[in-house]
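Chain letters run A, B, ... following the sequence lines, proteins first and then strands; every chain starts at 1.
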Protein chains: 2
Amino acid sequence: MVVLPKKALRPRTVGRLSIYRRVLNQLLENGSVHIFSRDLATLAGVSASQVRQDLMNVPACGTPQHGYSAIELLLSVNRCLGTTTRASTVLLGAGHLGQAILAHFQATQPDLEMKAVFEVDPALVGQRLHNITILPLTDLEYQLRLIKAKVAILAVPSNVAQILAEQLVNAGICSILNFTPIRLQLPQHVYVEDNDIQTSLERVAYYATAPMNQGVNA
Amino acid sequence: MVVLPKKALRPRTVGRLSIYRRVLNQLLENGSVHIFSRDLATLAGVSASQVRQDLMNVPACGTPQHGYSAIELLLSVNRCLGTTTRASTVLLGAGHLGQAILAHFQATQPDLEMKAVFEVDPALVGQRLHNITILPLTDLEYQLRLIKAKVAILAVPSNVAQILAEQLVNAGICSILNFTPIRLQLPQHVYVEDNDIQTSLERVAYYATAPMNQGVNA
DNA sequence: TAGATTGTTAATCGATTAACAATC
DNA sequence: TAGATTGTTAATCGATTAACAATC
């Protein structure tokens, strides 16, 4: 096991490490002490090769006899994904989807800290949601700078997605989780993750009827 | 342009065709008649090569002078993705996320027809949501067979995800949109699309702080 | 016609899987 | 020790990009 100079992980690797982390937490709750790559693979829905390949980035340290120490591996993955500082986060859009996302925050406590919720609908502005006051979108950029927001979650109507995204970037946001079906046109340095429910729906519709013979599974 | 015997499209291709479809609809609303692969590419956030590669599956028929006819291309994509029959769909879980998904249905009318909503919480059972009565999870399999459900959307707590998924498959479901963070263990013939908000959150968190130098964009 | 674009094939790139020496 | 597993490199697979003849 060789420790390389730290390098950015690929998005898919980060996704799988995040899954391994959850599996490990679950295992520890159930009293497991050690785990083999094969078993971790099964629980995470990937191949054993993939697990070992991913763990090269962590880095992990297993033995042929017991595999990996569950607790050590978990700590190592945490260190790799960087739980040290919780990035300052804002949510745009307090509709059903926005509220569902806030509920996720409550339950899972990711490496993010929700600092503010913004909303156009005047009926919602001023209300409190999970202990966070809903702010108007009018002085968005000022507020973002004030709280030094780094991450934004975009759960607003399509027609305002691009213009709001540009304001976000202007105000220093560097990572966006985009729930709108619009493909945002932004500078390269901004990380954008699209979570497009509309496309997801159309894909399950397609495979409900289409010839799905040759194990085309996701 | 050669018409090949129809073959299942790959998930990513389906996703992009779904995006092209939306872009084309928008263009037609704005009065565009023709479109070049390069412009479609820009609007969809992909390369022109990618667009032409995808359109080989449709198939499309463009000219060097005007590119593609927007309306013909749209119809062709629709035919390819198969809008003919709307697959019978059910939603499991009527929490915030479930309600947000139902709202998407209202707005976008995908190639799915929502037939029933199931929920454990007795307080919600019996209520109506977007004109659909919320049913209890007790006689799930019977109800699914009754309405010949083909697609299921899973928006339930993690701890019941696997057991419910198995019931779904038993009752003839062949395509699942999985919003839980659990990786479902199901037979190969079932298409499962994971839309894991928790992982999405952890990924944007990672790229908010991590070295994100070499255009690692999604 | 001249020139830009299409449809398609070839090349590249990245991600996953297989293989295997080292190891406990 | 014998045997199964790790860490790592090589091979494969699939997806994206580049190239270019055909074309309008």
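Stem regions annotated for DNA chain C: C:3-24 with D:3-24, counting only runs of 3 or more consecutive pairs of Watson-Crick or G-U type with both contacts under 3.5 Å.
In this structure, B:D39 atom CG and C:dA4 atom C1' are separated by 13 Å, rounded to whole Å. Rounded to whole Å, the distance from CG on B:N57 to C1' on D:dT16 is 14 Å. Going from atom NE2 of A:H34 over to atom C1' of D:dT5 covers 14 Å, rounded to whole Å. We find that CG of B:L40 is positioned 10 Å from P of C:dT6, with the value rounded to whole Å. As rounded to whole Å, 16 Å separates atom P of C:dG14 from atom CG of A:L9. Atom P of nucleotide C:dT6 and atom CG of B:L55 are separated by 9 Å, given to the nearest angstrom. Between B:F36 atom CZ and D:dT23 atom C1' the separation is 14 Å, expressed in whole Å. Going from atom CZ of A:R52 over to atom C1' of D:dG7 covers 8 Å, rounded to whole Å.
The two residues B:Y206 and A:L81 make their nearest non-hydrogen contact at CD1-O, 3.7 Å.
Here the options are B:I35, B:L43, B:I71, the test is side-chain contact (heavy atoms from CB on, under 4.5 Å), and the partner is B:L24; only B:I35 passes. Residue B:C80 forms a side-chain contact (heavy atoms from CB on, under 4.5 Å) with just one option from B:V14, B:D54, B:L9, B:L75, and that option is B:L9. Here the rule is side chain to side chain donor-acceptor pair (under 3.5 Å) with A:T199, and of B:E193, B:R21, B:R16, B:R22 only B:R22 fits it.
Phosphate proximity of D:dT16 to B:Q53: absent, as no side-chain N or O sits under 4.0 Å from OP1 or OP2. Side-chain N/O atoms of A:R16 include none lying less than 4.0 angstrom from OP1 or OP2 on C:dA15. OP1 or OP2 of D:dT5 sits under 4.0 Å from a side-chain N or O of A:R38. Proximity of A:Y68 to the phosphate of C:dC24: no side-chain N or O atom is located under 4.0 Å from OP1 or OP2. Regarding contacts with the backbone of D:dT6, every side-chain N or O of A:T63 stays at 4.0 angstrom or more from both OP1 and OP2. Contact annotation: B:S37 side-chain N/O to C:dT6 OP1/OP2 distance is under 4.0 Å. Here A:S47 does not reach the OP1 or OP2 of C:dT16: none of its side-chain N or O atoms lies under 4.0 Å away.
No side-chain heavy atom of B:Y68 sits under 4.5 Å from any side-chain heavy atom of B:V58. Side-chain contact between B:L137 and B:V160: absent, with no pair of heavy atoms (C-beta onward) separated by less than 4.5 Å. Taking the side chain as every heavy atom from C-beta outward, B:D111 and A:E202 never approach each other to under 4.5 Å.
Nearest nucleotide to the side chain of B:M56, out of C:dA18, C:dT9, D:dA4: C:dT9. Of the candidate nucleotides D:dG14, C:dA15, D:dT6, D:dG14 has the atom nearest to the side chain of B:R10. When distances are taken from the side chain of B:P64 to each of C:dT5, D:dT16, C:dA18, the shortest belongs to C:dT5.
Between A:V46 and B:H66, it is B:H66 whose nearest contact on DNA chain C lies nearer the 5' terminus.
Contacts between residues 69-76 of chain A and DNA chain C, defined by a heavy-atom separation under 4.0 Å, are absent.
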* Begin with the C-alpha distance, continue with both residues' side-chain angles, and end with the deciding distance and a verdict on side-chain contact (heavy atoms from CB on, under 4.5 Å) for B:L154 and B:L91. => CA-CA 6 Å; B:L154 207 53; B:L91 169 64; over 6 Å; no
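The closest side-chain donor-acceptor pair between B:K148 and B:S88, if any, does not fall under 3.5 angstrom.
By the neighbour-count criterion of 12 heavy atoms within 6.0 Å, atom CD of A:E72 is sparsely surrounded, having that number or fewer from other residues, nucleotides or ligands.
Judged by distance alone with a 3.5 Å cut-off, no donor-acceptor contact links the side chain of A:Q65 to the base of C:dT23.
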